[in-house]
Number of protein chains: 2
Amino acid sequence: MDAIDLSLVELLRGNARLSYAELARQVGLSAPAVHERVGKLESSGVIRAYRAEVEPESVGLAVTALIGIVEDSTADTDDVLEAFRRMPEIESCYFMAGVESFLLKARVGTIAELEQLIVRLNRTPGVASTRTGIALSTKWENRPQPIESSAS
Amino acid sequence: MDAIDLSLVELLRGNARLSYAELARQVGLSAPAVHERVGKLESSGVIRAYRAEVEPESVGLAVTALIGIVEDSTADTDDVLEAFRRMPEIESCYFMAGVESFLLKARVGTIAELEQLIVRLNRTPGVASTRTGIALSTKWENRPQPIESSAS
DNA sequence: CACTCTCCGTGGATGCGATCGACCTGAGCC
DNA sequence: GGCTCAGGTCGATCGCATCCACGGAGAGTG
């Protein structure tokens with residue numbers, strides 16, 4: 001991870017569909033050199049995936065909710081996680097410090113579907129309680145932040 | 001937005017670097033047809049961006065926090081938003097129902113930087129109080145969910 | 001110092017993909 | 001029927017991705 005790798009990561013965070021030739025121009029190397037560097041960034045796990053960012057409403061996901069989860073005393077955290085993993089509505093899952101062990105971000109089409117999701121969450125073994133907040137609007141999400149030069 | 005558009009969106013959510021030729025093979029159209037459809041999806045705002053998803057630690061962002069914001073009675077929500085927008089650490093910003101008007105997801109390098117961010121947030125005009133939860137680990141994030149056939 | 005090994009690059013060649021323009025076809029409408 | 005338009009296909013051209021052979025800088029070693 002030198003300065004050029006950081007530039008490549010930053011460029012691809014801004015636009016994942018840039019061609020290798022274009023990346024090469026931006027960082028001042030040849031296209032094959034860039035190709036190899038990006039390949040290494042991918043296989044070393046620095047770059048995890050390339051994703052199109054989609055307006056959720058236009059694919060029928062109008063409701064966004066953030067849900068805190070309190071585990072009960074019998075909970076096996078791995079089992080709880082596995083149960084969450086099987087619920088496709090849960091887009092993100094953070095393991096938190098504090099009373100609420102997890103914070104989930106879920107997207108569903110309707111409030112009725114959200115209700116069903118919450119019921120399922122509360123029925124999940126190991127879950128003591130849930131606390132749901134509804135997002136009225138998403139001002140922005142996953143905004144890439146400029147990278148400073150300090151990494152492994 | 002017909003079924004083919006939905007397939008294209010889903011394919012690109014899974015891998016934003018697929019070539020038009022490959023997309024064309026997957027959906028059973030010619031490459032120019034796919035090119036035109038994707039272009040329309042982009043300009044109509046369904047596809048907002050293409051982003052590389054990066055392991056945060058490897059770009060020096062080891063600390064993730066979720067911060068609830070309570071506005072005070074004098075707050076102008078637009079001004080508060082604008083102030084948040086100028087803080088690059090804030091990756092996502094949701095406007096919420098409930099006592100806490102906003103929920104922010106922030107990423108910083110160190111706990112000390114998080115402390116500074118929280119101080120800045122509390123000093124922001126219109127902000128009455130903040131409540132911060134620290135993510136010990138991110139189990140997953142922005143997982144694309146399979147699309148059902150029902151959209152505009 | 002000179003040798004060598006390795007890493008990381010460059011340049012050239014080649015086949016595939018992006019992209020443009022010409023043309024085709026079916027639906028809706030007068 | 002005949003027009004028009006949206007949305008395809010096909011073919012051609014050019015740029016890009018990708019493979020390969022080669023070269024130079026720096027570290028370790030006699």
Protein-nucleotides 10-14 of chain C N/O pairs closer than 3.5 Å?
residue, atom, partner, partner atom, Å
dT10(C), OP1, S30(A), N, 3.4
dT10(C), OP2, S30(A), N, 3.0
dT10(C), OP2, S30(A), OG, 2.2

Using a strict threshold of under 4.0 Å (side-chain N to carboxylate O), is an ion pair present between [Y] and [X]?
X       : Y       : value
R120(A) : E115(A) : no
R107(B) : E141(B) : yes
R51(B)  : E53(A)  : yes
R13(A)  : E10(A)  : no

Whether H35(B) contacts dA18(C) is assessed here as follows: a side-chain N or O lying under 4.0 Å from the phosphate OP1 or OP2. Is that the case?
no
Classify the nucleic acid contact of R25(B) as base, sugar-phosphate or nothing, counting any heavy atom under 4.0 Å across all strands shown.
sugar-phosphate
Between atom [atom1] in [X] and atom [atom2] in [N], what is the gap in whole Å?
X      : N       : atom1 : atom2 : result
L18(B) : dA17(D) : CG    : C1'   : 15 Å
E22(A) : dG17(C) : CD    : P     : 21 Å
Y20(A) : dG9(C)  : OH    : C1'   : 17 Å

Taking atom types as modelled, is there a side-chain donor on E71(B) or T77(B) under 3.5 Å from an acceptor on the other?
yes
Has R131(A) got its NZ or CZ under 6.0 Å from the middle of the six-membered ring of F102(A), at an angle within 45 degrees of the ring axis?
no
Short of 4.0 Å, heavy atom to strand atom, which residues of residues 36-54 of chain B count as contacting DNA chain C?
none
Identify, with sequence neighbours excluded, every residue that meets salt bridge (charged side-chain N to carboxylate O under 4.0 Å, His left out) alongside E82(A).
R85(A), R86(A)
Do other residues, nucleotides or ligands put more than 12 heavy atoms under 6.0 Å from the CD atom of E42(A)?
yes
